[in-house]
2 protein chains.
Amino acid sequence: MGLSIVSSTLPPRGSDLPLLLLLGFRALIDDVHAELAEAGHAGFRPLHGVTFKAIGDGVTASELGRRLGVSKQAAGKTIEGLEREGYVERVADPEDARSKIIRLTSRGVDVQQQAFKVMADLRARWAERLGEERMAAIEEALREMTADRETRFDIPGWFNG
Amino acid sequence: MGLSIVSSTLPPRGSDLPLLLLLGFRALIDDVHAELAEAGHAGFRPLHGVTFKAIGDGVTASELGRRLGVSKQAAGKTIEGLEREGYVERVADPEDARSKIIRLTSRGVDVQQQAFKVMADLRARWAERLGEERMAAIEEALREMTADRETRFDIPGWFNG
DNA sequence: CACAATCGACAACCCCATTGTCTATTAAGG
DNA sequence: CCTTAATAGACAATGGGGTTGTCGATTGTG
């Protein structure tokens with residue numbers, strides 16, 4: 001393909017920083033899930049990872065809904081799916097008879113551990129190519145620029161609107 | 001909150017690189033859309049930006065669907081929405097009577113230009129805080145690590161599964 | 001000991017994306 | 001040419017996933 005007569009307006013220099021961050025993120029996540037798929041977790045999606053992070057050490061369906069930015073009913077549906085695949089379980093809350101605590105099963109913890117390991121491996125691979133110094137500089141810089149922002153888990157709603 | 005007796009398994013060092021990239025991306029995108037909202041484009045969502053990128057200099061609904069990783073019907077719906085808000089228009093394809101070309105209106109180009117400008121400004125702000133050298137190093141590193149990946153626009157389907 | 005608030009479950013609804021089908025148009029091959 | 005396959009976009013029917021609304025049970029508050 002050649003040059004088009006009617007070209008789009010050129011983006012100014014430096015406006016592709018968000019895209020670069022997104023591409024980097026996607027590259028890592030894709031590699032992580034490729035590894036997970038090989039390890040028998042083919043159905044595990046990036047969104048599940050976020051849900052796992054939101055679950056943390058255990059939450060109620062209502063709280064999970066709040067963290068994910070969806071209704072508690074929607075969170076319940078998500079949980080059902082993860083429960084069916086054996087990643088999470090619901091146990092009675094000893095301190096509140098209304099609540100059921102959602103927490104990772106050993107299989108869930110296993111996926112998470114594997115994911116963490118792959119991420120660390122990928123980080124090492126990046127460091128290998130970029131040099132440990134540059135790698136650390138990137139991390140430090142990103143930490144600095146995002147220090148005032150809290151980690152939010154409502155990715156789909158946030159992005160899709 | 002204190003230390004919980006049952007703590008979650010600790011993520012290994014270096015496994016938070018994806019999260020850092022995501023946080024950085026989100027920080028930038030949030031700031032961009034905050035500015036756009038003030039400029040009268042409150043309904044403009046991150047997903048719309050991706051759609052704009054996928055539209056490029058003009059595409060058919062079918063092609064847009066392929067780029068976004070959704071059916072042409074779904075792409076058509078998205079287009080209707082953007083059309084209603086005056087961001088895109090459909091014009092007949094002079095070379096193919098079946099096709100209608102979707103392209104940005106002047107209003108659409110305006111939002112895009114503004115978004116580009118805000119992104120460049122934010123990049124400058126980052127450079128101010130990190131130093132131009134570090135900023136450039138990050139960009140260069142990300143470019144290097146994502147050079148072999150093509151830019152894909154199927155974000156929602158990719159992430160949500 | 002009332003009373004408001006919250007938890008999870010159930011039901012009804014809605015939006016959006018999907019598949020399937022249709023006509024019009026284009027491209028390819030004999 | 002003329003037939004046949006492929007593609008564009010419109011329309012219809014379906015389904016998944018989200019939403020609101022309601023309910024009984026339980027908790028916390030004054």
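Computed from a predicted model, the values in this text were never measured in an experiment. Lettering follows sequence order; numbering is per chain, from 1.
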Could you state the [atom1]-[atom2] distance from [X] to [N], rounded to the nearest angstrom?
X: B:Arg66; N: D:dG9; atom1: CZ; atom2: P; answer: 9 Å
X: A:Leu64; N: C:dA9; atom1: CG; atom2: P; answer: 13 Å
X: A:Ile101; N: D:dT26; atom1: CD1; atom2: C1'; answer: 14 Å
X: A:His48; N: D:dG17; atom1: NE2; atom2: C1'; answer: 13 Å
X: B:Glu80; N: C:dC16; atom1: CD; atom2: P; answer: 10 Å
X: B:Leu47; N: C:dA17; atom1: CG; atom2: P; answer: 9 Å
X: B:Asn160; N: C:dC16; atom1: CG; atom2: P; answer: 15 Å
X: A:Arg45; N: D:dG17; atom1: CZ; atom2: P; answer: 13 Å

Heavy-atom side-chain contact between B:His48 and B:Leu82 under 4.5 Å: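 A side-chain contact exists here, since the closest heavy-atom pair is under 4.5 Å.
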Got A:Ile79 and A:Val88 here, is their nearest side-chain heavy-atom distance under 4.5 Å?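 In short, these two side chains touch, coming nearer than 4.5 Å.
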Just distance, no hydrogens or angles: give the donor-acceptor pairs under 3.5 Å from side chains in residues 63-72 of chain A, sequence neighbours left out.
unit_1: A:Glu63; atom_1: OE1; unit_2: A:Arg66; atom_2: NE; d: 3.2
unit_1: A:Glu63; atom_1: OE1; unit_2: A:Arg66; atom_2: NH2; d: 3.1
unit_1: A:Glu63; atom_1: OE2; unit_2: A:Arg67; atom_2: NE; d: 2.9
unit_1: A:Arg67; atom_1: NH1; unit_2: A:Ala54; atom_2: O; d: 2.6
unit_1: A:Ser71; atom_1: OG; unit_2: A:Ala74; atom_2: N; d: 3.1

Which ring-ring contact (aromatic ring centres under 6.0 Å, His included) pairs, counting each pair once, include a residue from residues 61-95 of chain B, with sequence neighbours left out?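 Applying ring-ring contact (aromatic ring centres under 6.0 Å, His included) to every pair that reaches into residues 61-95 of chain B, excluding sequence neighbours, yields B:His41-B:Tyr87, B:Phe44-B:Tyr87.
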Does any N or O in the side chain of B:Arg26 come within less than 3.5 Å of the main-chain N or O of A:Trp158, such that one atom is a donor and the other an acceptor?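 Pair absent, no side-chain N/O of B:Arg26 close to backbone of A:Trp158.
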CA sep, side-chain torsions, deciding dist, call: B:Glu128, B:Arg123, salt bridge (charged side-chain N to carboxylate O under 4.0 Å, His left out): CA-CA 9 Å; B:Glu128 207 173 304; B:Arg123 192 269 183 202; over 6 Å; no
OP1, OP2 of [N] versus side-chain N and O of [X]: anything below 4.0 Å?
X: B:Arg90; N: D:dA8; value: no
X: A:Ser99; N: C:dC7; value: no
X: B:Ser62; N: D:dG9; value: yes

Test B:Leu142 against every option in A:Leu23, A:Leu19, A:Leu21 by the side-chain contact (heavy atoms from CB on, under 4.5 Å) rule and name the one that passes. A:Leu21
Pairs in or reaching into residues 100-112 of chain A: which pass salt bridge (charged side-chain N to carboxylate O under 4.0 Å, His left out), with residues at least two apart or in two chains?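 For residues 100-112 of chain A: A:Glu89-A:Arg103.
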End axis versus end axis in the helix from C:dC1-D:dG30 to C:dG30-D:dC1, the angle rounded to 10°, five pairs used at each terminus: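 Between the first-five-pair axis and the last-five-pair axis there is 30°.
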side-chain contact (heavy atoms from CB on, under 4.5 Å) partners for B:Arg143, two or more places apart: A:Arg13, A:Asp16, A:Leu20, B:Glu139, B:Glu140
Nearest-nucleotide wise, let me know which of A:Thr78 and B:Ile102 is further upstream toward the 5' end of DNA chain D. B:Ile102
Contact string for nucleotides 18-27 of chain C, one letter per nucleotide 5' to 3', B = base within protein heavy-atom range under 4.0 Å, S = sugar-phosphate only, - = neither, reads BBB---BBS-
